[in-house]
Structure formats: structure tokens, C-alpha cells
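Everything below concerns the one structure shown next.
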Amino acid sequence: MWRFVVCLLVFAAPASAQEIITGARYVTPSAEYGHGALPDGEFAGLEVTTAQGSYRVRLEGQVFEDTAPRLADLDGDGAPEVVTVVSIFDQGAQVMVWGLRDGALAPLVWNTPIGTRHRWLAIAGIADLDGDGRMEIAYVDRPHLARVLRVIRVWRAGESWRVEPVASADGHTNHRYGAPNIEGGVFDCGQGLEIVTADREWRRVLATRLVAGRLQTRDIGAYTGPDSLRC
């Protein structure tokens with residue numbers, strides 16, 4: 001659950017209906033959580049920028065644990081939201097979406113955390129994976145342990161944001177413990193958008209489509225390094 005958040009605004013202009021996020025970055029490196037899945041990949045703060053100014057939030061009792069925040073227009077209004085990974089100290093990682101609300105940077109929606117400290121997730125990509133007009137977020141749940149590919153859907157209904165699990169499949173990974181980068185991603189491999197990952201042993205490259213609420217995976221070749229996790 002969401003908790004222990006302190007919002008600090010810096011260089012902040014009054015928010016307006018026209019104010020659009022143009023950039024985001026993690027700030028204030030933190031050693032408080034001490035997981036180490038990513039080298040120097042834990043941060044206490046998030047900063048977003050707009051044409052009018054900058055906004056910053058600082059966490060307590062949790063950290064941003066990720067390579068970088070991702071901008072994606074999840075509700076189709078032409079303005080991006082910010083997708084992050086937040087790790088709660090006693091519950092592990094969750095996907096958390098941020099945006100500007102009432103003149104401040106605020107969490108809009110998040111999924112259930114993994115449930116255990118030092119359990120992480122690595123985002124694979126954000127796209128309308130099944131062509132239904134709604135955006136999905138694909139990630140690998142515990143890429144070093146469980147190695148489960150999961151897809152969640154995020155959308156807005158009026159003023160309320162919603163998130164729901166869509167599908168999952170065992171036997172996928174996209175990150176080696178301690179590596180600086182997440183490998184693979186979402187690509188059009190000739191059959192529409194597919195989530196490209198490695199198998200659990202880092203021997204084969206897998207391409208996975210979301211079709212009618214189910215994940216369909218095919219083997220597209222041998223894993224020979226990060227460059228092979230592409231189409």
C-alpha cells in the first residue's frame with residue numbers, strides 16, 4: 001500500500017490544464033534500502049519538468065528502484081504520465097504511475113507490491129500490446145528468482161485511475177542481478193508488438209504477444225548477448 005510519502009515542490013509553477021510533463025529523472029541516490037539489484041539504482045526522489053517549471057517528490061520508507069522513469073501517455077489525452085518502480089522497505093517492488101494533480105507531483109495509481117523485502121521487478125515496456133486502445137505495462141516479476149512475465153493494464157475512468165492484471169507467463173527474464181541495464185523490450189518483430197525477453201537460463205530469446213488476454217510465446221533464436229534481445 002502507498003504510505004510515507006513527503007512531497008517537496010522545487011522551482012514549481014502553478015499547475016494548469018495545459019501543463020505537460022516533458023521530462024523525468026530520479027534524484028537523490030539512497031543507500032537506505034540496500035538491495036543492490038541495480039548498481040547505484042536506488043533513489044529517494046523523483047523530479048519531473050514541464051515548460052512552466054519543475055516538481056519533485058521525496059519518499060520515506062521506500063525508494064525508487066529502477067534504471068530510469070518512463071514517460072507514457074496512459075490515458076490517451078496527449079500528455080504523458082510517469083511510470084516508475086517503487087520498492088517499499090518491507091514489501092518489495094511495485095509499479096507506480098505519477099502525474100501532476102492539484103499543483104503537485106502525485107501518485108495516480110499503483111499495483112500490489114510483490115510482498116517481500118528485496119524483491120524487485122524490471123519493466124520490459126509500455127504499449128497498447130493487444131490493439132484495444134488501452135495501454136499495458138509489461139514487466140518481469142523477480143527476474144533473478146521467480147522469472148515471471150506479467151502484463152498489467154492502466155487506464156483512467158473520469159478522475160479515477162485503475163490498474164488490473166491481464167496475463168502472466170513463467171520462464172522469462174530481462175535482467176541479471178547487479179547489471180546496470182534491463183535487456184530486451186517491446187518491439188515489432190513482424191507479427192505486431194511483442195515483448196522480447198530471455199528464457200530463465202539466458203539461453204534462448206523469447207518473443208511474446210498479448211492475444212485475447214493470454215500471452216503467446218515463441219522462440220526466436222539463441223541468446224548471444226544484449227543485442228540478441230531484439231528483432
[Y] side chain reached by [X] side chain, heavy atoms, under 4.5 Å:
X	Y	answer
L46	P69	yes
L59	V86	yes
H172	Y139	no
Q94	T112	no
E183	Y223	yes
D141	I114	yes

message = Is there a path of hydrophobic side-chain contacts, each under 4.5 Å between heavy atoms, that joins V151 and V140?
response =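 Yes, same cluster.
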ask   = Do you reckon M96 sits in the same ILVMFWY cluster as W161, going by side-chain contacts under 4.5 Å, direct or chained?
value =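 No.
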ask   = Can L129 and V186 be said to form a side-chain contact (heavy atoms from CB on, under 4.5 Å), step by step?
value = CA-CA 9 Å; L129 293 172; V186 173; 3.9 Å; yes
request  = Return yes when atom CZ of R230 has more than 12 non-hydrogen atoms of other residues, nucleotides or ligands closer than 6.0 Å, and no otherwise.
outcome  =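 No, because the 6.0 Å sphere around CZ of R230 holds 12 heavy atoms or fewer from other groups.
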key: Within 6.0 Å of CD in Q191, more than 12 heavy atoms from elsewhere   =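 Atom CD in Q191 is crowded, with more than 12 foreign heavy atoms closer than 6.0 Å.
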Rounded to the nearest 0.5 Å, what's the gap from [atom1] on [X] to [atom2] on [Y]? Could you check?
X	Y	atom1	atom2	result
W110	I88	CH2	CD1	9.5 Å
D73	I126	CG	CD1	11.0 Å
R150	R142	CZ	CZ	6.5 Å
N181	T67	CG	OG1	7.5 Å
R203	T224	CZ	OG1	15.0 Å

ask   = Could you go step by step and tell me if I152 and V166 meet the side-chain contact (heavy atoms from CB on, under 4.5 Å) rule?
value = CA-CA 5 Å; I152 59 175; V166 176; 5.6 Å; no
task = Give the intermediate values and the outcome of side-chain contact (heavy atoms from CB on, under 4.5 Å) for residues R70 and I123.
result = CA-CA 10 Å; R70 298 154 181 83; I123 292 179; 3.7 Å; yes
Contacts of type salt bridge (Lys or Arg N to Asp or Glu O under 4.0 Å), residue E42, not counting sequence neighbours =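 For E42 there are no salt bridge (Lys or Arg N to Asp or Glu O under 4.0 Å) partners, ignoring immediate neighbours.
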query = With D132, which residues qualify under salt bridge (Lys or Arg N to Asp or Glu O under 4.0 Å), at least two apart?
reply =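 Listed in chain order: R134, R153.
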Selection residues 75-84 - residue pairs positive for salt bridge (Lys or Arg N to Asp or Glu O under 4.0 Å), sequence neighbours left out =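 Found D75-R156.
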task = Not counting sequence neighbours, which residues clear side-chain contact (heavy atoms from CB on, under 4.5 Å) with A31? List them please.
result =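 Per chain and number, A31 pairs via side-chain contact (heavy atoms from CB on, under 4.5 Å) with no residue.
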task = Only counting residues at least two apart or in another chain, list the ones meeting side-chain contact (heavy atoms from CB on, under 4.5 Å) with A122.
result =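 Checked A122 against side-chain contact (heavy atoms from CB on, under 4.5 Å); matches are W120, P143, N174, H175, I182.
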Any donor and acceptor pair, going by atom type alone, linking the side chain of [X] with main-chain N or O of [Y] inside 3.5 Å?
X	Y	value
D188	L193	no
T116	R119	no
T28	A44	no

Looking at every heavy atom in both [X] and [Y], which two are closest together, and how far apart are they?
X	Y	answer
P39	A179	CD-O, 3.4 Å
D128	G133	OD2-N, 2.8 Å
V27	E47	CG1-CB, 4.1 Å
E19	G53	OE2-N, 4.3 Å

inquiry  = Whether the Y26 and D66 side chains hold a donor-acceptor pair (N or O, under 3.5 Å, no angle test) is what I'd like checked.
reply    =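 Judged by distance alone, the side chains do pair up.
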key: Partner set under side chain to side chain donor-acceptor pair (under 3.5 Å) for R176, not counting sequence neighbours   =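 For R176 there are no side chain to side chain donor-acceptor pair (under 3.5 Å) partners, ignoring immediate neighbours.
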request  = Assess whether side-chain contact (heavy atoms from CB on, under 4.5 Å) is satisfied between V97 and T84, documenting all intermediate values.
outcome  = CA-CA 6 Å; V97 177; T84 68; over 6 Å; no
salt_bridge(D90, R117) N-O dist < 4.0 Å =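 Between R117 and D90 there is no salt bridge, as every charged N stays at least 4.0 Å from the carboxylate O atoms.
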request  = Hey, can you tell me if W98 and F64 have their rings parallel, tilted or perpendicular (30° and 60° cut-offs)?
outcome  =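 Judged by the thresholds at 30° and 60°, the geometry between W98 and F64 is tilted.
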